[in-house]
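Heads up, the thing below is written out as structure tokens.
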Amino acid sequence: MLANKNFAGKTVWVTGASAGIGEAAARAFASLGAKVVLIARRVDRLIQIVGELTPLYPNKAIYLALDVTIGGEVEKGLKSLPEDFSTPDILVNNAGLARGLKTADDTTYEEANAVIDTNIKGVIHFTKFVLPIMKQRNSGHIFTLGSVAAIKPYAKGAVYCGSKAFIEAYNLSLREELVETRIRLSLISPGMVGGTQFSNVRLGSDEAAANVYQGITPLSPTDISDQIIFAASRPPHVNIALIECYPVHQASSTTLFRGDQI
């Protein structure tokens with residue numbers, strides 16, 4: 001059975017859609033016929049992206065500005081969506097961040113809580129909301145952005161690595177819970193991805209972020225959105241449970257070869 005890359009009639013919710021992987025995924029699904037809800041906090045960016053998508057794909061993209069870390073705000077916002085966009089076939093749990101690159105004892109409560117609230121609670125809030133809808137229809141696909149940091153944690157990243165390890169365990173547990181349903185679950189775990197705001201937010205400056213990718217060609221947001229589209233377009237009996245992907249010159253979270261940009 002051939003894969004179907006036409007998502008006409010499907011509704012896709014994407015968190016963290018104001019930049020990077022989330023933006024790339026939203027654009028990709030809209031281009032393939034899906035109705036897309038772009039979800040993030042930065043209203044200016046959401047307006048800009050939806051404004052660019054609308055002339056190309058009329059009535060296919062709207063935005064919802066909210067904070068994924070606040071459960072009540074998530075529920076209220078999602079319940080306010082127009083009827084045509086209110087029943088998700090696909091959820092992309094993409095919103096995530098890191099704060100600082102510090103030892104565990106130097107990490108502030110504020111930094112740790114920001115990571116935990118976004119990376120863990122954000123996923124829980126959205127997954128909890130969509131599961132009853134998907135269970136009732138006995139269909140749906142939930143994507144969650146993990147990280148190779150869960151596979152090989154590194155020094156000065158304990159909270160971030162731990163948050164992604166939680167995501168991996170959470171996803172595995174959901175697979176056990178949903179095995180009698182037709183709901184699919186995919187964990188996308190990238191290595192180094194450039195062209196996002198991740199390192200800028202983590203390190204606090206564009207200059208510091210640029211140094212992270214010096215001498216290496218990282219993955220791009222489009223590389224990751226391609227993997228999401230691939231998994232989403234498999235026949236309904238196929239579940240791509242995990243995609244672990246690195247730049248060719250990255251072997252693990254900490255092993256890189258710099259000096260051969262492709």
Side-chain angles (χ1 to χ4, degrees), residues 2-40 46 49-50 53 56-57 60-61 63-64 68 85 87-97 118-119 122-123 126-127 130-131 134 139-151 164 167-168 170-172 174-175 178 182-198 218-247:
L2 295 176
N4 180 14
K5 288 192 177 181
N6 181 356
F7 292 94
K10 301 293 186 182
T11 299
V12 182
W13 293 355
V14 184
T15 70
S18 61
I21 296 169
E23 177 184 351
R27 290 182 182 275
F29 276 114
S31 74
L32 294 169
K35 294 177 292 185
V36 182
V37 182
L38 292 88
I39 303 165
L46 291 172
I49 296 166
V50 170
L53 291 174
L56 299 172
Y57 319 109
K60 294 296 185 184
Y63 72 85
L64 179 62
V68 303
F85 292 85
T87 306
D89 297 285
I90 297 170
L91 167 65
V92 181
N93 276 319
N94 167 72
L97 55 77
T118 304
N119 297 5
V123 169
F126 274 84
T127 304
V130 303
L131 276 177
M134 292 183 174
S139 68
H141 200 154
I142 299 174
F143 287 88
T144 303
L145 268 295
S147 172
V148 299
I151 301 162
K164 291 302 183 178
I167 292 304
E168 186 167 343
Y170 185 73
N171 214 61
L172 288 169
L174 285 176
R175 285 225 317 270
L178 299 172
R182 296 183 180 182
I183 299 170
R184 300 191 290 181
L185 298 159
S186 296
L187 181 68
I188 311 295
S189 294
M192 182 180 286
V193 182
T196 75
Q197 294 296 305
F198 179 83
L219 302 171
S220 71
T222 301
D223 292 330
I224 309 307
S225 68
D226 285 349
Q227 295 167 26
I228 293 171
I229 296 297
F230 170 79
S233 62
R234 296 308 91 193
H237 70 287
V238 177
N239 181 47
I240 305 297
L242 170 65
I243 296 179
E244 182 183 336
C245 182
Y246 297 86

Measuring only between side-chain heavy atoms, which start at C-beta, is Leu53 closer than 4.5 Å to Lys60? no
Does any non-hydrogen side-chain atom of Leu187 lie less than 4.5 Å from one of Leu172? no
Check for a donor-acceptor pair, side chain of Asn239 on one end and backbone N or O of Leu185 on the other, with a separation under 3.5 Å. yes
Ile21 vs Ser225 side-chain heavy atoms within contact, under 4.5 Å: no
Heavy-atom donor-acceptor pair, Arg184 side chain to Ile240 backbone, under 3.5 Å: no
Do Thr144 and Tyr170 have side chains that approach each other closer than 4.5 Å (heavy atoms only, starting at C-beta)? no
For the atom pair CG (Leu38) and OH (Tyr63), what is the distance rounded to the nearest 0.5 Å? 11.0 Å
Between Leu145 and Val92, is there a side-chain heavy-atom distance shorter than 4.5 Å? yes
Arg27/Glu23 salt bridge by N-O under 4.0 Å criterion: yes
Between the side chain of Asp89 and the main-chain N/O of His141, is any donor-acceptor distance below 3.5 Å? no
So does Phe230 get a backbone contact from the side chain of Arg234, meaning a donor-acceptor N/O pair under 3.5 Å? yes
Any side-chain heavy-atom pair from Ile243 and Ser186 closer than 4.5 angstrom? no
Hey, are the side chains of Met134 and Leu178 touching, using non-hydrogen atoms and a 4.5 Å cut-off? no
Report yes if the side chains of Cys245 and Leu219 come closer than 4.5 Å at any heavy-atom pair, otherwise no. yes
When rounded to the nearest 0.5 angstrom, what is the spacing between CD1 in Ile183 and CG in Leu174? 9.5 Å
Got a second to check how far Asn93's CG is from Trp13's CH2, nearest 0.5 Å? 11.0 Å
Phe29: partners by ring pair (Phe, Tyr, Trp, His ring centres under 6.0 Å), with sequence neighbours left out: Phe7
Are the side chain of Thr15 and the backbone of Ile39 linked by a donor-acceptor contact shorter than 3.5 Å? no
